[in-house]
2 protein chains.
Amino acid sequence: MNGWDALGAEGPLYQSVQRQMLAALEQGEWRPDEAIPSEKRLCDRFGVSVGTLRKAIDALVADHLLVRRQGLGTFVASHSRPRQFFQFFNISPHDGPRTYPEITLLQFGFGKADRTAAEKLAIPLQSDTIKIKNLLLMQGRPVIVDTITLAAQRFKGMTEELVRNRPNTLYRLYLDAFSVNVLRIDERVRAATVNAATGKLLGLKVGDPVLEIRRIALTFNRQPVEWRISHVNTHHYEYVHRDVVE
Amino acid sequence: MNGWDALGAEGPLYQSVQRQMLAALEQGEWRPDEAIPSEKRLCDRFGVSVGTLRKAIDALVADHLLVRRQGLGTFVASHSRPRQFFQFFNISPHDGPRTYPEITLLQFGFGKADRTAAEKLAIPLQSDTIKIKNLLLMQGRPVIVDTITLAAQRFKGMTEELVRNRPNTLYRLYLDAFSVNVLRIDERVRAATVNAATGKLLGLKVGDPVLEIRRIALTFNRQPVEWRISHVNTHHYEYVHRDVVE
DNA sequence: TTACATTTGTTCGTATGTATA
DNA sequence: TTATACATACGAACAAATGTA
């Protein structure tokens with residue numbers, strides 16, 4: 001025994017299996033919403049017992065990359081199901097249940113990465129970017145203005161029509177049309193005073209306080225794929241975050 | 001087979017074991033930072049196999065109630081270790097690593113629950129409460145003002161000296177002195193304008209924008225134990241939140 | 001240093017139960 | 001009803017980490 005497994009890397013066997021399955025996911029061998037092979041078949045493929053395989057799958061399920069459905073199979077996670085919309089939507093009414101926003105595309109265009117965008121997206125200064133600006137209405141009220149920057153490199157062929165006519169969320173569009181799977185987000189929130197343009201959209205006076213949310217959306221390997229600044233009128237809505245010990 | 005287990009409730013055996021272990025934790029049979037009995041002993045006690053017991057423990061470890069240490073044993077989680085301080089501290093510099101705040105007690109006193117406090121803490125209107133006000137300095141700068149409300153019922157014998165002389169975090173004091181184990185928090189963030197008193201503490205002019213964080217801290221069974229409003233000067237610091245798909 | 005006991009970690013294999021089409 | 005797939009449960013064997021004699 002030399003401690004080396006088939007697909008690189010040391011460590012327990014189940015972690016090796018986990019890495020191999022992660023690679024299959026990254027390389028698109030198994031597509032979102034599709035079932036992966038059955039446990040039996042995967043045991044054969046990786047040459048391990050059920051218990052070991054299940055431990056690998058357990059880890060990927062815990063990471064929310066896979067979803068198990070008894071009697072059906074194990075599926076690759078995605079943003080298609082409606083209940084998953086709210087996954088990365090942390091704005092909620094002060095009281096009462098979450099509501100679904102109505103989204104209006106304000107702007108779509110191309111640009112060059114400024115210093116912030118270049119840093120956040122880990123791309124060269126002045127490289128090509130795509131800019132999207134959205135207004136989100138909640139129960140008829142303007143609540144959020146999103147300013148989104150993408151690396152054109154990663155989203156070749158993106159058009160205003162694609163964004164405007166998307167049947168699902170933006171992140172679902174990233175996945176379906178560009179194979180970009182957003183797995184986690186990193187948000188930082190500040191208090192700011194609203195400027196004239198955004199204030200007008202949100203029905204606020206210049207200088208009124210708003211939340212400024214700076215988000216980086218990440219895919220496999222924590223690679224950044226989207227840089228987004230949101231301004232939120234928190235008069236009726238607020239930013240929600242739940243946390244547990246660890 | 002009738003589907004009923006010894007300690008109430010239906011469902012899989014490992015969940016029954018999990019419930020029994022949770023009960024032992026709630027009732028203080030196993031104290032924070034102490035080791036629970038070995039797997040072998042617990043198997044005997046609950047009359048299950050290692051695999052089943054481990055699955056129950058796995059769930060409690062995933063909930064961060066227990067921590068495993070190979071060769072040592074399985075321990076009850078706590079807030080004593082320094083790295084755990086930041087668990088519920090979501091304020092970080094705009095750039096650079098997290099820093100530890102210097103905390104000053106501004107006020108300690110007793111009061112009666114107003115409507116908000118009563119609702120958030122799920123206690124009767126006008127019932128006795130404890131009020132704590134803290135100023136937090138980060139690298140010498142005033143950044144946060146915390147206004148904390150506790151149900152006196154749950155924290156009998158709380159004194160200013162206990163708060164002032166606590167060796168660890170406030171949540172560690174709750175645990176050690178009152179057996180109140182904070183397991184999760186629910187935070188809602190709004191943009192607000194600072195008032196005169198808080199503005200003076202934070203070095204801001206009246207009307208300057210601040211974050212207003214409204215936190216409920218919860219123990220077992222999602223019972224609320226603390227209601228806290230924080231006002232944050234986000235000129236150099238910001239609220240951080242990471243999120244993954246699920 | 002060494003040896004040993006204890007405890008959790010990993011892996012295997014098998015059997016049976018439950019959900020779905 | 002039947003076949004398939006995941007879920008639960010058992011137990012055994014060995015590895016790795018830790019503390020102590």
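All values derive from a computational prediction rather than experimental measurement. Letters go in sequence order (proteins before strands), and every chain restarts at 1.
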Fill in: Flag side-chain contact, heavy atom, 4.5 Å: A:Arg184 against B:Asp243
no

Nearest of [options] to any side-chain atom of [X]?
| X | options | result |
| --- | --- | --- |
| B:Arg41 | D:dA7, C:dT10, C:dT7 | C:dT7 |
| A:Thr52 | D:dC10, C:dC12, D:dC6 | C:dC12 |
| B:Ser38 | C:dT8, C:dC12, D:dC6 | C:dT8 |

Rounded distance in Å - [atom1] ([X]) to [atom2] ([N]):
| X | N | atom1 | atom2 | answer |
| --- | --- | --- | --- | --- |
| A:Gln15 | D:dA15 | CD | C1' | 15 Å |
| A:Asp44 | C:dC12 | CG | P | 13 Å |
| A:Leu13 | D:dA15 | CG | C1' | 13 Å |
| B:Phe75 | C:dT7 | CZ | P | 11 Å |
| A:Ile36 | D:dT4 | CD1 | P | 18 Å |
| B:Leu66 | C:dT8 | CG | P | 11 Å |
| B:Leu53 | C:dT7 | CG | P | 13 Å |

Practice prompt. Run the numbers on A:Gln139 and A:Tyr100 for side-chain hydrogen bond (donor to acceptor under 3.5 Å, both in side chains), then give the verdict.
Written response: CA-CA 8 Å; A:Gln139 297 179 315; A:Tyr100 201 92; over 6 Å; no

Practice prompt. Keeping the roles fixed (side chain from A:His236, backbone from A:Met138), state whether a donor-acceptor pair exists under 3.5 Å.
Written response: no

Fill in: CA sep, side-chain torsions, deciding dist, call: B:Asp33, B:Arg172, salt bridge (charged side-chain N to carboxylate O under 4.0 Å, His left out)
CA-CA 11 Å; B:Asp33 286 329; B:Arg172 180 69 201 186; 3.2 Å; yes

Worksheet entry | N or O in side chain of A:Thr74 less than 4.0 angstrom from D:dC6 OP1/OP2 | yes

Worksheet entry | OP1 or OP2 of C:dG9 under 4.0 Å from side-chain N/O of B:Arg54 | yes

Practice prompt. Verify whether one side chain among A:Ser230 and A:Asp146 offers a donor that lies under 3.5 Å from an acceptor in the other.
Written response: yes

Practice prompt. May I ask you to say what A:Lys55 touches in the nucleic acid, namely base, sugar-phosphate or nothing, with a heavy-atom cut-off under 4.0 Å?
Written response: sugar-phosphate

Discussion item. Does the structure place the NZ or CZ of A:Arg69 under 6.0 Å from the centre of the six-membered ring of A:Phe75, at an angle of no more than 45° from the ring's axis?
Written reply: yes

Item to complete: Would you mind checking if A:Arg188 and A:Asp186 are paired as a salt bridge, meaning a charged N to carboxylate O distance below 4.0 Å?
Response: yes

Practice prompt. Please determine if B:Arg242 and A:Glu187 form a salt bridge, counting it only when a charged side-chain N lies under 4.0 Å from a carboxylate O.
Written response: no

Worksheet entry | Pair A:Leu173-A:Met158, side chain to side chain contact (heavy atoms under 4.5 Å, CB included): steps then yes or no | CA-CA 10 Å; A:Leu173 174 65; A:Met158 177 70 90; 4.3 Å; yes

Could you write out each protein N or O paired with an N or O of nucleotides 11-14 of chain D at a distance under 3.5 Å?
none

Item to complete: Check step by step if salt bridge (charged side-chain N to carboxylate O under 4.0 Å, His left out) holds for B:Glu29 and B:Arg45.
Response: CA-CA 14 Å; B:Glu29 178 182 344; B:Arg45 166 162 169 181; 2.8 Å; yes

Worksheet item: In degrees, rounded to 10°, what is the bend between the two ends of the helix from C:dT2-D:dA21 to C:dA21-D:dT2, using five pairs at each?
Response: 10°

Item to complete: Please test A:Tyr239 against B:His241 for side chain to side chain contact (heavy atoms under 4.5 Å, CB included), starting from the C-alpha separation and ending with a verdict.
Response: CA-CA 11 Å; A:Tyr239 185 87; B:His241 171 35; 2.9 Å; yes

Please list, for nucleotides 18-21 of chain D, all pairs of protein and nucleotide N/O atoms separated by less than 3.5 Å.
none

Worksheet entry | Pair B:Ile213-B:Ile229, side chain to side chain contact (heavy atoms under 4.5 Å, CB included): steps then yes or no | CA-CA 6 Å; B:Ile213 305 173; B:Ile229 298 183; over 6 Å; no

Worksheet, complete the sentence: On DNA chain C, more 5' by nearest nucleotide between A:Tyr14 and B:Glu39 is B:Glu39

